[in-house]
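Given the structure is predicted, the values throughout are model-derived calculations rather than measurements. For this chain, numbers begin at 1 and follow the sequence in order. Counting starts at 1 for both ligands and their atoms, in listed order.
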Amino acid sequence: MKIICIGRNYAEHAKELGNELPKEPVVFLKPDTALLKNNADFYHPSFSDNIQYEAEIVIRINKEGKNIQEKFAHKYYNQLGIGIDFTARDVQQELKAKGLPWEKAKAFNHSAPISSFLDISEIEDIQALDFSLQHNDRIAQQGNTRDMIFKINHLISYISTFILLKTGDLIFTGTPSGVGTVKIGDHLKAYINEREMLSVQVK
Ligand code: MG
């Protein structure tokens, strides 16, 4: 399986990092070795002094497809969850300044904690879903999927013109504003609506 991530998909987040609003989706990948499941601890890597959390709604693909039309995209997924796109912001800034790819900043081991998944049939409207991230005792990020610049079906259609989607692939759909730095000892909890979905201790 592969993890496909979308950058800058919420206007307020693009602004907080000083990025322009994208005219088409910003796409990058993480390998399967980035996954962190079952609320396992995250060990802070030594190569960065600025690991930041980005809480994101994650879509799970359940059918193989390429060149998927947007109107059929809903047939290619049936579950969603929430994940954290951990980013070594200091490393990313260096790579961006040099025009280099982001992998060292984005694709490192356990940079993609994910929750369990909910059936989409249980959700009234996936494009009107509240989600949030609690950093220690404070709600740091609050988003709603209606604020996505590129909606889920559009993302699936767009990605599938370049990359064959396969069952089990995950799509991280971008983070709202409020990203911040973690340090050893911190605790993160991610929620969809009021439901606690993911808990990560930073060690
Ligand atoms: Mg992200």
Side-chain angles (χ1 to χ4, degrees), residues 1-37 42 44-45 48 50-61 80-96 100-115 126-127 129-135 139-152 154-156 158-159 162-163 169-182 186 188-192 197-198 200 202:
M1 60 79 65
K2 54 192 175 290
I3 305 165
I4 301 156
C5 303
I6 303 301
R8 304 173 190 166
N9 203 23
Y10 289 81
E12 289 301 313
H13 170 65
K15 245 189 261 174
E16 76 181 343
L17 294 186
N19 292 315
E20 290 191 359
L21 294 188
K23 294 194 175 58
E24 53 187 324
V26 174
V27 178
F28 61 94
L29 299 177
K30 294 185 190 241
D32 58 2
T33 44
L35 285 177
L36 186 64
K37 293 183 183 174
F42 173 77
H44 194 298
S48 171
N50 191 8
I51 298 287
Q52 294 197 346
Y53 50 79
E54 298 185 357
E56 311 196 0
I57 292 294
V58 179
I59 301 293
R60 187 176 182 277
I61 297 295
L80 67 70
I82 191 164
I84 299 171
D85 166 20
F86 272 131
T87 304
R89 196 72 69 199
D90 45 356
V91 176
Q92 187 192 32
Q93 300 296 9
E94 260 187 63
L95 294 169
K96 277 165 77 174
L100 293 172
W102 294 358
E103 273 80 356
K104 288 195 292 179
K106 286 285 199 181
F108 55 87
N109 296 333
H110 297 161
S111 61
I114 54 161
S115 70
I126 62 164
Q127 290 295 167
L129 201 58
D130 282 317
F131 62 104
S132 59
L133 185 90
Q134 185 177 326
H135 179 204
I139 297 294
Q141 292 192 276
Q142 278 184 298
N144 187 292
T145 53
R146 79 169 69 86
D147 297 323
M148 287 181 178
I149 298 171
F150 303 106
K151 308 295 191 226
I152 290 162
H154 182 78
L155 293 174
I156 285 172
Y158 183 84
I159 293 164
F162 302 94
I163 299 171
D169 288 351
L170 300 178
I171 301 177
F172 276 60
T173 57
T175 198
S177 61
V179 302
T181 304
V182 291
D186 283 0
L188 301 172
K189 277 186 186 176
Y191 299 83
I192 294 178
M197 296 290 294
L198 175 65
V200 179
V202 181

(request) Looking at Asp85, pick out the N, O or S atom nearest to the Mg ion (ligand 1) and give its name. (result) OD2
(message) Restricting to N, O or S, what is the name of the atom of Glu56 that lies nearest the Mg ion (ligand 1)?
(response) OE2
(request) Taking the side chain as every heavy atom from C-beta outward, state whether His110 and Pro45 have any atom pair closer than 4.5 Å. (result) no
(message) Within the structure provided, determine whether Lys96 and Asn19 are in side-chain contact (heavy-atom separation under 4.5 Å).
(response) yes
(message) Any heavy-atom pair between the side chains of Asp130 and Gln142 that's under 4.5 Å?
(response) no
(message) Once you measure the plane-to-plane angle for Phe42 and Phe108, does it fall in the parallel (<30°), tilted (30-60°) or perpendicular (>60°) bin?
(response) tilted
(message) Please give the atom name: the N, O or S atom of Glu54 nearest to the Mg ion (ligand 1).
(response) OE1
